[in-house]
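Nothing here was measured: the structure is a model prediction, and the numbers come from that model. Residue numbers count from 1 along this sequence.
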Amino acid sequence: MKSNTLADRQGIWAFGIGCVAVTAGVLMHIPMFLMGRDMHFMLAGMPMGWDMVAGMGLIIIGCLVAAWGLLPRNVAAQRAASVDLIVAAPEDAPLGPAHWGLLFVLVLALIIDTMKPASLGFTVPGMVGEYGVPKATVSLVPFFALIGTMTGSVVWGVLADIYGRKATILLSAVMFVGTSICGAMPSLAWNIGMCFMMGLAAGGMLPVTYALLAEMMPNKHRGWSLVLVGGLGAVGGYFAASGLSALLQPVFGWRILWLLNLPTGLALVLLGAFIPESAKFLLARGRAVEAQAVMRRFGAVVRKAEAAPGAREKSTHTPLTGAKLIGKLTALSIAAIAWGLINFGLLLWLPADLAAKGYSIAVASKLLAESALIAFPTVFVAALLYSRWSTKWSLVGAIAVTLAGLALVLRLETGGGGSPVLPVALLIVGSNGIIAILLPYAAESFPLRVRGRATGWVAACTKGGGVLAQALSITALVPAMGVVAGIILVPTLLALGLVAWFGRETRGGDLRRLDDAMDAPLV
């Protein structure tokens, strides 16, 4: 025990030193940013000084040191020890202060995580003006950010198994801090590289959050808590990005949206003190006393893996096999692709489109911020409907709202007239409803044999739609917004019909009931 304690103390010190090194490396870039204050903070073409190069080296070293500090020892032994352990919350455990505190902290963490990629759309017009390149060239920035996010979705899943849930979130936050130097980069190529790193850091936050909540929340509260946290994080992140753009970009230029990664990333590191580590992970490391303390706070129990026949008999949540399983996976995949096209395509293109129509960037940012504010209360509605009414029809309803938004954008762009507020609000309401419900619904829909692959595939499809959208930007093949809305209407309408047909109600079902499908063929 003494050696483990010593190793843990060394790890904490190493992590702290790594955070300080990364922060110092970022601060060494601030003088470059301030040099442009007489030119509205435009730095294109300025040479990079030795301090910036040294700062980048310090960031890389700091990230490596922080990663080493968080790395657990004896990983093989830990995995072997955790094979037959299940940490599960009692079905009827009441929600306590620990549960509510965890929900609050994870919502803040997801807001910080979401606002970074959401800021990309607000930086594109400024980058086009400063670098003097076509919009298609600047589209490489969100394109590589999205590729980084796809890569991160895989990488952080592996790291979560090695480092643990909490440690993975902390390491992601340290990388966030490092990517803030993009705000001082005088070269577009460096901006593109830093965007990839930002996406890499952001990629796994949502899946890790879902995993942590599923383990810590009582089963009867799992559904609404996953939807609420995911939805509030998405809406809050977009609102924060658009609001800060409207407030700060007219004064400091587009670069300030990147430099905000420094304070928000450090805030995420500090929030890590309030995020508990997985009890199963602690048990696997031999830290039984800490694991027992976490379980007492959250009303969890630990037991050997075994069947729970009583629970299975009560469930009406029947397993999916064969064509029904494939059909539902196809339905959710198409819904995910449509969401990616909207979130990483249409909504990212919209600020520049509004600016081209005569709106200023400040007005466009304010419009989107107000639309996000309208969408905010609907997250609570989605969580309520998902947990109290129907998981299947809640998703169908979110897709239907998105369809209405696309139809109004199409009408607006084809000369129908009217204000862009309602179409944008419906798009944000619907798309946030889809992403808040989609992954929890996928995780609750498939048997253990394919649950990880199915949920991972659906998550990848959300990014795949975005990659397709940004590829159009890079090749300068983005059609008018009316045509874009009309094209996206097709997969969205298809997803609506397929989810309504192949969807299965999961509310109140015991997920262990789905494990019966493990013995059935998957044809």
Worksheet, complete the sentence: Correct closest heavy-atom pair for L266 and V177 would be N-CG2, 3.6 Å

Item to complete: May I ask you to decide if C19's main-chain N or O and T23's side chain share a donor-acceptor pair within less than 3.5 Å?
Response: yes

Worksheet item: Are any side-chain N or O atoms of R255 and backbone N or O atoms of M185, one a donor and one an acceptor, separated by less than 3.5 Å?
Response: yes

Worksheet item: Where is the tightest heavy-atom contact between V174 and C63, given as atom of each residue plus distance?
Response: CG1-SG, 4.2 Å

Worksheet, complete the sentence: Output for pair (L110 CG, I169 CD1), nearest 0.5 Å, gives 8.0 Å

Worksheet, complete the sentence: The single option from V26, V22, N261 that satisfies side chain to side chain contact (heavy atoms under 4.5 Å, CB included) with I181 is V26

Worksheet item: Which heavy atom of H29 sits nearest a heavy atom of A184, and at what distance?
Response: O-CB, 3.4 Å

Discussion item. Less than 4.5 Å apart, side chain to side chain, heavy atoms only: is that true for F196 and T179?
Written reply: no

Worksheet item: Side-chain contact, heavy-atom cut-off 4.5 Å: N191 with S187?
Response: no

Fill in: Euclidean distance, L103 CG relative to L108 CG, rounded to 0.5 Å
11.0 Å

Discussion item. Minimum heavy-atom separation for A173 and G265, please, with both atom names.
Written reply: CB-O, 3.8 Å

Discussion item. Check this for me: F144, atom CZ, are more than 12 non-hydrogen atoms of other residues, nucleotides or ligands nearer than 6.0 Å?
Written reply: no

Worksheet item: Do you know which two heavy atoms are closest between A14 and V65, and how far apart they sit?
Response: O-CG1, 3.2 Å

Fill in: Rounded distance (nearest 0.5 Å) linking atom OG1 of T264 with atom CG of L259
10.5 Å

Worksheet item: Can you tell me how far OG of S225 sits from CH2 of W100, rounded to the nearest 0.5 angstrom?
Response: 9.0 Å

Discussion item. Rounded to the nearest 0.5 Å, what separates atom CG in L271 from atom CZ in F104?
Written reply: 8.5 Å

Worksheet item: Hey, are the side chains of T462 and L438 touching, using non-hydrogen atoms and a 4.5 Å cut-off?
Response: yes

Worksheet item: Heavy-atom distance under 4.5 Å between the side chains of W224 and P440, does that happen here?
Response: no

Worksheet item: So, do L188 and V141 sit near enough that their side-chain heavy atoms are less than 4.5 Å apart?
Response: yes

Fill in: A442 to V458 - nearest heavy-atom pair and separation
CB-CG2, 4.4 Å

Which atom pairs, one a donor and one an acceptor, fall under 3.5 Å between side chains of residues 48-59 and the rest of the protein, sequence neighbours left out?
none

Item to complete: First locate atom CG of L262, then atom OG of S180, and finally report the distance between them rounded to the nearest 0.5 Å.
Response: 5.0 Å

Discussion item. Below 30° counts as parallel, above 60° as perpendicular, anything between as tilted: where do the rings of Y441 and Y386 land?
Written reply: perpendicular

Discussion item. When you compare the side chain of P134 with that of V128, does any pair of heavy atoms fall below 4.5 Å?
Written reply: no

Practice prompt. Could you tell me whether a side-chain N or O of W339 sits under 3.5 Å from a main-chain N or O of S431, the two making a donor and an acceptor?
Written response: yes

